[in-house]
Structures are given as C-alpha cells and as structure tokens.
Amino acid sequence: MFRSTLKVLQQSSLRVKFFGSIHNPLGSVVRAVLPDPSSVYMLRRWSLVRTPGLAVNMATSSSHSAVRRVAIFGGTHGNELSGVLLVKHWLKHGEEIARRSMEVRPFITNPKAVEKCVRYIDTDLNRVFDNQSLSGDQKGKVPYEIEQARKINSLFGPKGSKNGYDVILDLHNTTAHMGATLILENSRDDFTIQMCKYIQTSMAPESCAVLLIEHPGVKYATTRSIAKHPIGIEVGPQPQGVVRADILRTMKNVVNYALDFMQYFNEGTEFPPCSLEVYRVLEKIDYPRNESGDLGAIIHPSLQDQDWKPLNPGDPMFITMDGEVTCYEGENTVYPTFVNEAAYYEKNQAFAKTEKVTLMAQALRL
Amino acid sequence: MTRREESNRYDGEILSGSERTSEKVYYFGMQEGIRLKEMLNSACQCSLVSRVVIFGGTHGNEMSGVALAKHWLKEPSELQRKTFVAEPCLANPLAVEKCVRYVDSDLNRCFSEEILRSPESESDPYEFIRARELYQKYGSGSCLYDFIFDLHNTTSHMGATLLRCSADDIMSLHLANYLQSSSGSQSMPCYNYLIDIPKKDNVYLQNIGKHSLCLELGPQPQGVTRADVLSRMRELVNCGLDFIDLFNQGKEFPSFETDIYRVLSRVDYPRDSDGEISAIVHSGLQDKDYVPLKPGHPIFTTMNGEDLLYDGETVVYPTFINEAAYYEKKVAFISTEKVHLKVPALKLETGAEHNGTLQ
Ligand SMILES: [Zn+2]
Ligand SMILES: [Zn+2]
C-alpha cells in the first residue's frame, strides 16, 4: 500500500518535501535539513513575532493580491449546527466577523436542509460543484441541491474564474473525535497553507489538524471549491442536530483567526516561509459487509475516538456481533480520521486512512 | 396479596388487580412509614412471564437497538432462556431503513388510546399504522406480552438510563434494581428513571405490555453505532432476561431501597420573537446529566456570550441535556427530582392467590 502511494506522490505534482512517517526511510534524512518550524516564527492572535535570519528560502516569496471578498458558509450540511448557528447569528450581528480591509459575507448554503435539520434534501451539496452539475445542461427535474449549487456558483463564483470570491470558509461538524480540523484542497496553495499555519499556531495548545484531501483519483467537488482559496473547517465530535457550546467556541475561534490572518495580510504583514504538517488522504475504508450489503461489523472500541492517532499493522479496526476482530493488515502506520462519522455510513466509509506529510510554503506578502 | 382499598393518586379511582395495588408502596419520603412497614412485610406477587419482546429501532436512527434487534432476528439463540420465549422486533422498519427517527410522526408518541382505537384511514401517518400493528401483535387481548424491553439511545450523557413510565410496575423496578446491582460499569452506570404519568395518558410503546422497561443509553450520536454503547446495552438486555428467568423459577427478590429520578418539568431553549433558539446549553451544564443543578448556576449561553442562570428555588437533577431529537419538541433538558423509594419484595404468585386477588 505504502509503496504504491509513494509512487503516486512522486508522479504527481504534489509539493511534498518530506514524509513525517517514521517508517519512511527518507523522512529522517530530509527532516534534518529543515529548521524546526516553531523556531522560524511564532504567531499569536494579536501579535506577530518574527525571528529574522532563521527563515529558509527568503529569496523566493510569492506575492498575492489583497483579499477583497470572503464568504463564510454555514449549513452546507443542514444538521451540522455549529456553522448553522454561527452564520445565522452573524447574518444579524456582523460586527464580530467584520474586518476593515475586506468584505466578509456569511451565507446559509442549504436553507431547506437547515430548516428540516437534515444533511441534505436530494443529494449532498458538498459533492456537486463539478462543471457538469454547474453548467446547467442536466435534463428533467433538477435536484434541489444542484439548483442551489448553481445559485451559489453565480453568487460566489463562477468556479475557476477571476470573478470568484477570494476565500470561502465552509463550516462543518463531524461526529468523529477530530477536534478542530482545517481541510485543505490544494498542496500548492501557499496562501491557504500559510493561513492554516497561522490558525494552527494561534489555536495552540488546542490541537488543530490539517487534512489534505487532494487525491489523484478523487475529486470532491466541494461547495467551497468555487473560491480561489477554499478552506473547510470541520469541528467534532458533535452529534448531528446538536449544538455544543465548546464546539461552537472552537469553530468561532478558527473563523476569527482566519479573518485575522487575512486582515494582517491585507495590511502588508509578511509571512515567512513555513512548513505545515498535514494528514493526506490515502483511501477510505468501508465497513465489512455481509452478502446482502448490510454492515457486518462495527468500529472496534480501540479505534473509536482515535482520530489522528497512529494505526499500526495488526491493530484492530472492526468487531463483529460475534466478537470477531478485523485487524489492519497494511505495511505501514497510517492515521485514521473521520472514524465512525454518522454521515459516511451511506458513503460506505468507516474511516479514512491518511499519512503524515509536510508541505512547504514560500514567504507570503501582499 | 391482600387487597387494599387505596385511592389512585392520579384520578381517584379505586384500584383493583395486582398491578394497580402495588402502587401503594410509592410512599415518597417517609411520611407514611407505618403503612409502609406493613406493606413491606408482604411480598408483591406477579404472574409468570411467558412472553417477552425486545424492541429495537423504535427510533430508526438510534443504532444500538437497531443493530442488536437486526442481529437477534438472525441469531435469536442469545435471547433464549428456559422459562419463557423472547423475541426481537424492529419497531419502525421504514425509519430504520432511512436512518431517521421517524417517517411521519414519532412512533414512541403514538400509543395513545385515541390513535390505537381510531379506525384506519388512508391519510394516517405511517407510524399510526405501525403503532396499531404493534399493539395488535404485542399488546392486546390474548396477545398481551408480559414484558417489553424498548431499546433507545440518546445524545445526552445519561449512561444507562432505565426508564419506566409506570410508577406501579413493581416487576420492572425489581428488574432495574437487578441490572443496577449485577452489572457494574464505570462509564455507563445505571440510573432509575420515572416518567410518572397515568396509564391513560401514556403514549409510549412500552405502555402496551404488562410490564416494561426502556433502556436509554448515551451519549451516542444519531446514526452512529459505538461498540462500547452497544455492548453495554447487550449486557443489560441479557441481564434483564436472566432476572426474568430467575423470577419465573420462583426466586424471591427481597425488598430494597433505591433512588429514582422522577420527571418534574421540561425546560425549553430561550427563543427569539421568530421562535428561533437564541441561546444554547451552557458548557457548564453540557454532559452534566444527573448532576445536581443548584439555583444560580448557568444553564444557557447566548450567542453574544451572555450566561443565563437557573432561577428555580430547589436543586434539581437535569437529564436529556442537549438531546438532538428534543430540539423540535422544544426541550433543552428535563429536570427531575431524586426520590428515595422503598420497594416491597417480589415473588411469583401461586395459582390460587392469582385467582383470589385478581378481578
Ligand atoms: Zn459537513
Ligand atoms: Zn429513542
């Protein structure tokens, strides 16, 4: 498994500088040449402390134009209530998310699903932002979410064009014990990598993992993908249809740090080159199933709630009603995530396997 | 059992029958200590339990019961005991298939006289039809089942809540006590829970059986099956069946004392003029089911970060805190009081006494 993955990585254009996995022989060698990222700079919400001279690669820096338009999406899945409540609140009281240098627009993306408190009405809104669905040449009755996707695309896109919003923060919850998670779609997007780094550093000591969903074989076609710099904010565990104060607070902090980052950037703050440890999606793992396709086993108690923790060869993954255990048979340690997510039963996904990868971003300035 | 001419504290009717007479032991507190003593000297007698049904999927997205019922339907041997027949049943198969709480209407609120007795009509919600089917099969006339287990999950941190809807069901109280004392669990302890409503106002599925107990285990999100919650539920059901088996074999269960949590009132979320929730459960109350809530303690927090305090005068025990399914029922939590109870002994009634005291 790992070898084939490695091959995929080498062939693809991913900007992966080294692997964090201890089983990777390259890891230790490459790691030695990189400075400890925490020594490069330290960011806090209200102050930016830089240590000049330690930063690598100062020669190359990418310059971006200012962030002018930002959208905050809530209710892309109507039963993930932190984003629903926050966006509804910000629609009435926008002061908290207002920043001088840009327009910040909160938006409920799937109002019908929100009203019914369900994930979606006809189809998952977060999987239909592909060109075919958005183009509008579909015949017959159009599913509600496709209709909605086109509307969102015209308001905040169009996807892939210069006119699209600069940044979309898309707010989600999961039933998995993933804590605060930032979902990154593109390993070459220095701006978003720098933003993730800033948020992660600001959130400390609370953990904030970054999940890279870039995959050679899978395109997610997410709602936020119409922006130049899309970022998913996934916070859990929280049951569907429930709003927890602690999860809400975490999500609110992530959003505010993201907005602060953009404000600093717009003001001319230069962000030094950085490295970012991310969990890169390898493949999704389905539940064992019986002949009729029904679940044949459930998540093993020792894997439950262990998102981001190493899953080693031989570790249990599933257990049947008769107590039979299925173990992980891969050759390398992987990092499971979205373990026992309620919404993924129908997507035939018990959890997703990831590997640790470190991304590099060049210095960033206006 | 000696017949006692006591009045029903719900509607003033004279009680008759062994089920109803047993109600008199519910002397909350010790005010009626003398009669209590008298009562405690004689064991409550119940007839043999010959038919047991275990409902899973009464709410289609509460997965522990769904997974267990599905499993037992294929492999029922685990439920077999020497002295009775136990059968599993998926109560709301359509909701289970769709993994939703219900299709048209909450099945566990459909067992009212009104719904069960009304003539069938084309426009009936699916759950009305299903409720009548279940009543026909398990709850009426000669089909009356002796004991019902109804398996549920909650998103609240309620451990293993043993929920009863009938104060006068001594058998289920003994069963609950048996579960409490023979199955220890640090993470999911048993709590005795009583929704004290008159039989005629009882709209719950468990109402259709002669005796019943609802297992409400949490926390578990809707649509998720956690192995730890599932195995705890399985252990409790098996333990409950063991109890019934022992009872049927003539074992006498001595009188005991216990604490139960009795429902006082339902507390809604603060709402704005549009009826939208304007504050959420405070982090200090979240996950604090069964922990005493004292006057002045925060219970909600507004989106602006303002705390709202509990302004009651007495300590209550909040339950079903932040249950997903209760948002639409306008319930943020249910406050209960802790009641100390003395429960008389229980034994199998003999045929002669049965004929003499019933009717
Ligand atoms: Zn989502
Ligand atoms: Zn339920």
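Chain letters run A, B, ... following the sequence lines, proteins first, then strands; residues in each count from 1.
Within 6.0 Å of atom NZ in A/Lys116, 12 or fewer heavy atoms from other residues, nucleotides or ligands are found, so the atom counts as exposed in its surroundings. Under a cut-off of 6.0 angstrom, the local environment of CD in B/Gln80 is crowded, with over 12 non-hydrogen atoms contributed by other residues, nucleotides or ligands. No more than 12 heavy atoms of other residues, nucleotides or ligands sit less than 6.0 Å from atom NZ of B/Lys294.
Ranked by heavy-atom pairs under 4.5 Å with chain B, the list A/Glu346, A/Lys252, A/Gln304, A/Arg249 is led by A/Gln304. Per-residue heavy-atom pair counts under 4.5 Å with chain A were compared for B/Gln286, B/Glu323, B/Glu328, and the maximum is reached by B/Gln286. By number of non-hydrogen pairs under 4.5 angstrom with chain B, the leading residue of A/Leu81, A/Asp305, A/Asp246 is A/Asp305. Of the listed residues (A/Pro237, A/Cys117, A/Ala343, A/Ala342), the greatest number of heavy-atom pairs within a distance under 4.5 Å of chain B belongs to A/Ala342. Residue with the most contacts toward chain A among B/Thr225, B/Thr301, B/Val281: B/Thr225 (heavy-atom pairs, distance under 4.5 Å).
Taken to the nearest 0.5 Å, the CD atom of A/Glu95 stands 8.0 Å off from the CG atom of B/Asn304. Residue B/Met303 holds its CE atom at 8.5 Å from CD of A/Glu96, rounded to the nearest 0.5 Å. Between atom CD of residue A/Gln240 and atom CD of residue B/Gln222 there is a gap of 7.0 Å, rounded to the nearest 0.5 Å. For the atom pair CG (A/Asp294) and NZ (B/Lys74), the distance works out to 5.5 Å, reported to the nearest 0.5 Å. Atoms CD and CG, on A/Gln238 and B/Asn322 in that order, are 8.0 Å from each other to the nearest 0.5 Å.
For B/Leu230, the part lying under 4.5 angstrom from a heavy atom of chain A is the side chain only. Residue A/Leu248 touches chain B through its side chain alone, counting heavy-atom pairs closer than 4.5 Å. Looking at B/Asp287, the atoms closer than 4.5 Å to chain A (heavy atoms on both sides) all sit in the side chain, from C-beta outward. Using a 4.5 Å cut-off between heavy atoms, A/Asn79 does not touch chain B at all. Looking at B/Glu75, only its side chain comes within 4.5 Å of chain A, counting heavy atoms on both sides. Using a 4.5 Å cut-off between heavy atoms, B/Gln220 does not touch chain A at all.
Side chains of B/Lys70 and A/Leu295 form no contact here, defined as non-hydrogen atoms less than 4.5 Å apart. No side-chain heavy atom of B/Arg226 sits less than 4.5 Å from a side-chain heavy atom of A/Ile298.
Contact residues of residues 168-182 of chain A toward chain B are A/Thr175, A/His177 (heavy-atom distance under 4.5 Å).
With respect to the salt-bridge test (charged N to carboxylate O, under 4.0 angstrom), the residues A/Lys92 and B/Asp272 qualify.
For B/Leu68 against A/Met321, the heavy-atom pair with the smallest separation is CD2-CE, 3.6 Å. Of all the heavy atoms in B/Ser283 and A/Ala245, the pair that sits closest is N-CB, 3.9 Å.
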